[in-house]
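Some notes on the structure that comes next.
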Amino acid sequence: MSVPPSPPGLPAADRTLVMGVVNVTPDSFSDGGRWFGTDAAVRHGLELVAQGADIVDVGGESTRPGAQRIAVEEELRRVLPVITELVAAGVVVSVDTMRAAVAEAALDAGVSLVNDVSGGLADPYMPRLVAKASVPYVVVHWRGHSHDMNSRAVYADVVREVHDELATRIEAVIAEGVDPSLIVLDPGLGFSKVPDAYGPDAHNWRLMSRLAEVARIGGRDFPVLVAASRKRHLGRLLASPDGTPRPFGECDDATVAVTALAAAAGAWCVRVHEVPANADAVRVAAAWRAARES
Ligand code: PMM
């Protein structure tokens with residue numbers, strides 16, 4: 001899998017892009033509360049860009065396992081001022097939302113990309129809105145809302161099933177008018193996936209190690225976004241001898257390792273909380289690929 005060109009409207013790069021995360025939430029699983037408040041969130045977004053982020057992903061609703069939904073008005077109140085200020089500062093911004101109303105307001109405020117962790121399933125109006133706006137659309141593999149997603153993490157063959165379910169979503173959003181060249185795929189690491197490191201239920205590891213298979217749909221290789229940063233499967237892999245998972249904030253080195261491997265495998269973009277080392281890793285991977293292919 002070669003690193004595909006960016007969909008129109010996004011930074012073009014001869015390497016995997018880096019998307020920095022700004023969660024304007026009190027309860028996201030790894031950074032909840034840290035950037036909760038417009039000024040802190042904007043400052044953090046600008047800092048991520050200065051550290052090498054190509055895109056800043058702004059979200060107002062936590063999707064950690066077990067999370068309950070918030071009201072649409074609250075989500076808008078959290079993200080809109082942050083998006084507006086970052087866009088005014090010249091930042092390429094994506095909005096992380098499952099709601100068409102939030103995506104629409106964010107598009108009016110100037111976001112370049114809609115990142116929908118439900119792949120258009122949570123809000124039936126989302127695909128049509130994205131089609132009308134003609135912006136890149138991240139379609140994530142998703143089986144249901146966070147409050148009960150763990151019970152849906154049952155697969156006979158996770159790679160085939162995630163591929164097939166994404167193929168169904170792609171077909172559905174294209175039928176709603178979304179331009180296939182604007183679609184980015186995401187295997188939805190941690191969303192209805194068991195965090196085991198080894199064995200038959202190592203869902204996230206199987207998906208990360210077989211990105212090209214997940215992304216080849218209908219004879220087309222879609223760009224892939226990998227969002228492994230600080231997720232539970234890393235903490236589980238790095239558990240202490242008594243089985244206690246490594247805390248999220250101590251999984252950034254493991255995230256960088258995933259970035260290097262995913263970028264070397266041709267991922268289009270990585271979504272990360274800590275930018276500097278990941279920005280280095282995508283450059284290492286680009287040189288690695290160039291040397292191998294020359
Ligand atoms: N995961 C989270 C939030 N947004 N977006 C995409 N495209 N893919 C993901 O896997 C994803 C996402 C949840 O993680 P966070 O709380 O660290 O943001």
Side-chain angles (χ1 to χ4, degrees), residues 7 10 16-36 41 44-45 48 53 55-67 69-70 75 78-79 82 93-99 102-103 106 111-122 126 130 136-143 145-146 149-150 153 162 166 169 183-193 195 203-204 207-208 211 214-215 222-235 247-249 251-252 254-255 258-259 262 267-275 278:
L10 294 176
T16 300
L17 297 181
V18 177
M19 174 186 275
V21 180
V22 176
N23 284 322
V24 196
T25 62
D27 58 341
S28 285
F29 71 85
S30 83
D31 58 351
R34 290 193 68 195
W35 328 115
F36 190 50
H44 187 53
L48 296 178
I55 303 169
V56 172
D57 191 40
V58 179
E61 180 176 35
S62 170
T63 49
R64 76 185 152 73
R69 301 217 65 190
I70 55 165
E75 191 179 344
R78 292 179 185 182
V79 298
V82 178
V93 179
S94 70
V95 63
D96 184 344
T97 186
M98 291 184 264
R99 288 183 164 122
V102 175
V111 298
S112 305
L113 179 155
V114 173
N115 176 24
D116 176 0
V117 298
S118 82
L121 282 170
M126 184 71 101
V130 175
Y137 184 34
V138 182
V139 175
V140 182
H141 177 260
W142 188 84
R143 284 184 166 182
H145 285 289
S146 300
M149 70 178 173
N150 288 344
V162 168
L166 279 173
R169 294 309 308 144
I183 295 174
V184 172
L185 290 187
D186 180 328
L189 302 174
F191 290 98
S192 298
K193 314 287 182 315
H203 298 150
N204 300 287
L207 290 164
M208 290 192 300
L211 294 173
V214 174
F222 284 90
V224 181
L225 190 152
V226 176
S229 185
R230 296 183 171 178
K231 285 203 169 152
R232 280 186 307 155
H233 61 287
L234 302 180
F248 304 123
C251 288
D252 288 323
T255 300
V258 172
T259 291
W268 167 72
C269 183
V270 289
R271 178 184 181 277
V272 297
H273 298 84
E274 287 292 323
V275 164
N278 288 287

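For ligands, and for the atoms within them, numbers begin at 1 and follow the listed sequence. Keep in mind that what you see is a predicted model, and the values were worked out from it rather than measured.
Residue contact annotation: Arg230 has no non-hydrogen atom under 4.0 Å from ligand 1.
For atom 17 (O) of ligand 1, the nearest non-hydrogen atom from the set His273, Glu61, Lys231 comes from His273. Proximity annotation for atom 5 (N) of ligand 1: of Val22, Leu185, Asn115, Asn115 comes nearest, heavy atoms only. The option with the heavy atom closest to atom 8 (N) of ligand 1, from among Thr97, Asp186, Val140, Thr63, is Asp186.
In this structure the side chain of Arg69 reaches within 4.5 angstrom of the side chain of His145, judged on heavy atoms.
In this structure, CZ on Phe191 lies 6.0 Å from OG on Ser146, to the nearest 0.5 angstrom.
For the 3.5 Å distance criterion, the side chains of Glu61 and Thr25 fail to qualify, holding no donor opposite an acceptor.
Each of Thr259, Asp96, Val138 was evaluated against Arg271; a single residue qualifies, Asp96, per the side chain to side chain contact (heavy atoms under 4.5 Å, CB included) test.
In terms of polar-atom proximity, Asp57 is not counted as a contact of ligand 1, lacking any N or O under 3.5 Å from an N or O of the ligand. Inclusion of Arg271 in the set of residues having an N or O under 3.5 Å from an N or O of ligand 1 is warranted.
With sequence neighbours excluded, no residue forms a ring-ring contact (aromatic ring centres under 6.0 Å, His included) with His141.
Remark: ligand 1 atoms within the under-4.0 Å shell around heavy atoms of Ala227 are 8 (N), 9 (C), 10 (O).
Nearest heavy-atom pair across Val24 and Ala41 is CG2-CB, 4.0 Å.
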